[in-house]
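Worksheet for the structure shown next.
All values below were derived from every heavy atom in this structure, side-chain atoms included, with hydrogens, water molecules and symmetry-related copies excluded. This structure is a prediction, so every number in the text was calculated from the model and none was measured.
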Amino acid sequence: MKFERLILGTAGIGGIWGNVSAEASVETVLLALERGVKAIDTAPAYGQAEALLGSALNQWKGQAPIISSKAGRLQGFTASDGRYDYSRDAMFHSVAATLENLGIAALDILFLHDPAQIPEETFGATVQVMQELKVKGYTRRLGLGGNPPAWAWPWLKDGAFDVLMEYNRLNACHTPAMETSLPACGEAGVQYFAASPLYMGLLGKSFAAFSDNAPEWLPPGAVVAARRLHQLAEAEGMPLHTLAHRFLLTVPFAFNIVIGPSGPKELEETLGDFAGGPLPENLYQKILHYSKDIITR
């Protein structure tokens, strides 16, 4: 199978979910490129991800991948390190540092990171900074990276941004994007990236831990739905993560999927899942039924 729809996310290999080996992180990037993944997403907030990606790109001899990064959220070394600076000087300095770390002249996509952190009254000025970065050649396209508040949608619909990346809004447990963001992006001509396909690990390696002690950010019912999906996956003779990944290939919208392996082994496992292709329609409908049991907070 070709993997054109997949984007290699680098939060995991940057170390924000736990310690990683620099050598293994670089190997993960190179392996993804060798296997046909053609786009990579990173951010200053993803620990050492940009520097490690830059090292991998320096070693890569094939066709250059599409590269996206972000501005507005400052460098952090855990997922909870949320520090922000959306001032013009800070964002220009951040993107310049990103390009230096990556060893490239310009980004393919620059995302405004976590737009919900920006006060509504200053959002327009921040969008102007993003547009200035594009005009000055720092990036070819602009995106919103993070679940936008309702008041940010006019900028998406009016063409200020080319791409929307959301997380935890399109997975086998939780599908609100199918009724909201996906059709809205289709109407506006905005490309859609679905991040966190395994619901931050609930549908993957953290299933057991989250089942015993659910984190506060999970909506009520998510663990119940995940348990049902786990039983369904067992009945179908496949791992839960395989069911969850292949579910996304069955969703009848055009979008890209941001995967987040923490090393080469997880990458191979993920690519193997997607190589299985879409699920049978009856199984897809069962999963949709389970996802509707989630009651959002």
Side-chain angles (χ1 to χ4, degrees), residues 1-7 9 144 146-148 150 153 156 163-188 190-211 214-261 269-297:
M1 175 188 174
K2 296 181 179 180
F3 300 113
E4 288 91 344
R5 291 182 62 185
L6 301 186
I7 299 166
L144 282 183
N147 304 343
W153 269 93
L156 277 161
V163 189
L164 172 62
M165 181 192 299
E166 292 189 311
Y167 62 94
N168 290 349
R169 299 197 75 244
L170 183 62
N171 58 64
C173 256
H174 198 40
T175 58
M178 291 179 64
E179 288 79 38
T180 56
S181 305
L182 278 169
C185 284
E187 292 176 6
V190 172
Q191 191 174 3
Y192 187 84
F193 290 2
S196 301
L198 297 181
Y199 215 160
M200 299 294 195
L202 174 63
L203 301 174
K205 62 184 178 183
S206 298
F207 170 74
F210 287 2
S211 291
E216 292 184 0
W217 53 263
L218 273 176
V223 172
V224 174
R227 287 171 179 160
R228 292 177 181 175
L229 291 173
H230 184 263
Q231 294 174 349
L232 181 62
E234 286 189 329
E236 295 292 329
M238 68 178 76
L240 177 58
H241 58 79
T242 303
L243 183 82
H245 281 143
R246 292 180 62 189
F247 166 80
L248 290 174
L249 294 179
T250 322
V251 172
F253 288 92
F255 62 95
N256 294 86
I257 304 163
V258 184
I259 59 175
E269 185 178 76
T270 299
L271 296 181
D273 288 348
F274 284 106
L279 295 171
E281 181 63 21
N282 65 329
L283 184 54
Y284 170 70
Q285 292 298 330
K286 287 182 181 179
I287 295 171
L288 282 182
H289 174 72
Y290 292 151
S291 76
K292 302 304 180 186
D293 286 342
I294 297 224
I295 303 174
T296 57
R297 292 177 176 172

Testing the basics here: between [X] and [Y], what is the closest heavy-atom pair and its distance to 0.1 Å?
X	Y	result
A214	V223	CB-CG2, 3.8 Å
M200	F210	O-CE2, 3.4 Å
A225	C173	CB-SG, 3.9 Å
N168	S196	OD1-CB, 3.2 Å
A226	L203	CB-CD2, 4.1 Å
L202	L240	O-CD2, 4.0 Å

Would a 4.5 Å heavy-atom cut-off, applied to side chains only, mark [X] and [Y] as touching?
X	Y	answer
I287	T175	no
R227	S211	yes
F247	N171	no
V251	Y284	yes
P239	F207	no
S181	W153	yes
R246	L283	no
L198	H245	yes

Rounded at 0.5 Å granularity, tell me how far [atom1] in [X] sits from [atom2] in [Y].
X	Y	atom1	atom2	answer
F274	L6	CZ	CG	5.0 Å
F253	L170	CZ	CG	9.0 Å
R5	I259	CZ	CD1	12.5 Å
T270	H241	OG1	NE2	7.5 Å
L232	H289	CG	NE2	11.0 Å
Q285	T250	CD	OG1	10.0 Å

So H174 and Y199, would you call those rings parallel, tilted or perpendicular, with 30° and 60° as cut-offs?
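Geometry flag for Y199 against H174: parallel rings.
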
Between the main-chain N or O of Y167 and the side-chain N or O of N147, is there a donor-acceptor pair closer than 3.5 Å?
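Confirmed, N147 side chain pairs with Y167 backbone.
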
Contacts of E179 that satisfy salt bridge (charged side-chain N to carboxylate O under 4.0 Å, His left out) - sequence neighbours left out:
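Listed in chain order: K292.
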
For L288 and M178, run side chain to side chain contact (heavy atoms under 4.5 Å, CB included): C-alpha distance rounded to whole Å, both residues' side-chain angles, the deciding distance at 0.1 Å, then the answer.
CA-CA 11 Å; L288 282 182; M178 291 179 64; 4.0 Å; yes

